[in-house]
**Student:** 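Submitted below is the structure of interest, expressed as structure tokens.
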Amino acid sequence: MNQQDHNNEEQEVQHLQHEAEHAKPHKKVSVMGYLTILFAAAFLLLLLSYFMQQRANEQAISGLEATSNNAFDSINNLIAEKDRLTGEVEELEDQVADLQEQLEEAQSQLSGAQSDAESAQTAQDSAQKALEAMDWFWRIQRQFSRGYYTDAANMMAEFEAAGLPQYLPQEALTGREGDLSPAQQYQELKEALG
């Protein structure tokens, strides 16, 4: 039995060897098929990644175009706003120039009015001083005509100290030709007391 088992084993080994020899080319075809499938899958993955990259690029480009369009719109809006503000500035500068002219005219009128007021005040002050000088002159003249020469001389000294003789009218108050003015009458009175 031993030999028979051994023969059986040999037959079986031969059979397996025969199958193995015939099965090798079949495995070669199978490996080539796997390689073809793997290359096809790799190619499909590369193709898929290319299309995904293209899509991402298109989205990025469209986003950049939108940003660019927004930037151009913003620039155009800023230019329009600048032009509008420039126009407003020019209008305001014209208004300022007009107001400056009005101010200068008003200042000129005010200066003229102040000058007129000062002249009127000076005239009023001179008239007041002339009235005060005439009052003193009449009182001095009354003291002189009553014979109070000392009182008249004292009053004349006060009158001189106050600086009022210069305010005495230089023309006759009567308006008649040949009449003496109060200033001339005062000089005669001064010489008489002097």
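Note that this is a predicted model, so its numbers are computed, not measured.
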**Student:** Do the side chain of Thr36 and the main chain of Met32 share a donor and acceptor less than 3.5 angstrom apart?
**Tutor:** yes
**Student:** State, yes or no, whether a side-chain contact exists between Pro169 and Ser181 at a heavy-atom distance under 4.5 Å.
**Tutor:**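 With C-beta onward as the side chain, the pair stays apart.
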**Student:** Under a 4.5 Å cut-off applied to non-hydrogen side-chain atoms, are Asp151 and Arg146 in contact?
**Tutor:** no
**Student:** To the nearest 0.5 Å, what is the distance between CD on Gln95 and CG on Leu92?
**Tutor:** 5.5 Å
**Student:** Could you tell me the separation between the CD atom of Gln107 and the CD atom of Gln109, rounded to the nearest 0.5 Å?
**Tutor:**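 So the CD of Gln107 and the CD of Gln109 are separated by 11.0 Å.
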**Student:** Quick check for you: to the nearest 0.5 Å, what is the distance between Asn57 atom CG and Met52 atom CE?
**Tutor:** 12.0 Å
**Student:** Tell me every residue that passes side-chain hydrogen bond (donor to acceptor under 3.5 Å, both in side chains) with Arg55, counting only those two or more places apart in sequence or in another chain.
**Tutor:** none
**Student:** What distance do Leu35 atom CG and Ser30 atom OG have between them, rounded to the nearest 0.5 Å?
**Tutor:** 10.0 Å
**Student:** Are the side chains of Arg84 and Glu88 in touch, meaning some heavy atoms are under 4.5 Å apart?
**Tutor:**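 They are in contact (side-chain heavy atoms under 4.5 Å apart), so the answer is yes.
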**Student:** Closest heavy-atom contact between Asp179 and Gln184?
**Tutor:**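 Reported closest heavy-atom pair: O-OE1, 4.4 Å.
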**Student:** Is Met156 reachable from Tyr149 through a run of hydrophobic residues whose side-chain heavy atoms are each under 4.5 Å from the next?
**Tutor:**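 Yes; tracing contacts between hydrophobic side chains, which count when under 4.5 Å, links both residues.
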**Student:** Over all heavy atoms of both residues, which pair between Ala133 and Leu164 is shortest? Give the atoms and the distance, please.
**Tutor:**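 Of all heavy-atom pairs spanning Ala133 and Leu164, the closest is CB-O, 3.5 Å.
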**Student:** Quick one: side-chain hydrogen bond (donor to acceptor under 3.5 Å, both in side chains) partners of Tyr167, sequence neighbours excluded?
**Tutor:**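 For Tyr167, no residue satisfies side-chain hydrogen bond (donor to acceptor under 3.5 Å, both in side chains) once neighbours in sequence are set aside.
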**Student:** Distance from Ser74 atom OG to Asn70 atom CG, nearest 0.5 Å?
**Tutor:**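 One gets 6.5 Å once the value is rounded to the nearest 0.5 Å.
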**Student:** Identify all side-chain donor-acceptor contacts of residues 113-123 below 3.5 Å with residues at least two apart in sequence or on another chain.
**Tutor:**
unit_1: Ser119; atom_1: OG; unit_2: Ser115; atom_2: O; d: 2.9
unit_1: Gln121; atom_1: NE2; unit_2: Asp125; atom_2: OD1; d: 2.9
unit_1: Thr122; atom_1: OG1; unit_2: Glu118; atom_2: O; d: 2.7

**Student:** I want to check something: taking the side chain as every heavy atom from C-beta on, are Asp135 and Glu132 in contact at a cut-off of under 4.5 Å?
**Tutor:** no
**Student:** If I compare all heavy atoms of Pro165 with all of Gly163, which pair ends up nearest, and what's the gap?
**Tutor:**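 It is CD-C, 3.4 Å.
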**Student:** Is it true that a side-chain atom of Thr67 and a backbone atom of Gly63 form a donor plus acceptor pair closer than 3.5 Å?
**Tutor:**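 Yes, the answer is positive, given that a donor and an acceptor are paired below the 3.5 Å cut-off.
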**Student:** Using ring pair (Phe, Tyr, Trp, His ring centres under 6.0 Å) as the criterion, point out the one residue from Phe144, Phe159, Trp136, Trp138 that pairs with Tyr186.
**Tutor:** Phe159
**Student:** State the CD-CD1 distance between Glu158 and Ile140, to the nearest 0.5 angstrom.
**Tutor:** 9.0 Å
**Student:** For Glu171, look at atom CD and say whether over 12 heavy atoms of other residues, nucleotides or ligands are found less than 6.0 Å away.
**Tutor:**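 No, CD of Glu171 has 12 or fewer neighbouring heavy atoms, counting only those of other groups under 6.0 Å.
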**Student:** With a 4.5 Å heavy-atom cut-off, do Leu44 and Leu48 have their side chains touching?
**Tutor:**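 Leu44 does not reach Leu48 side chain to side chain.
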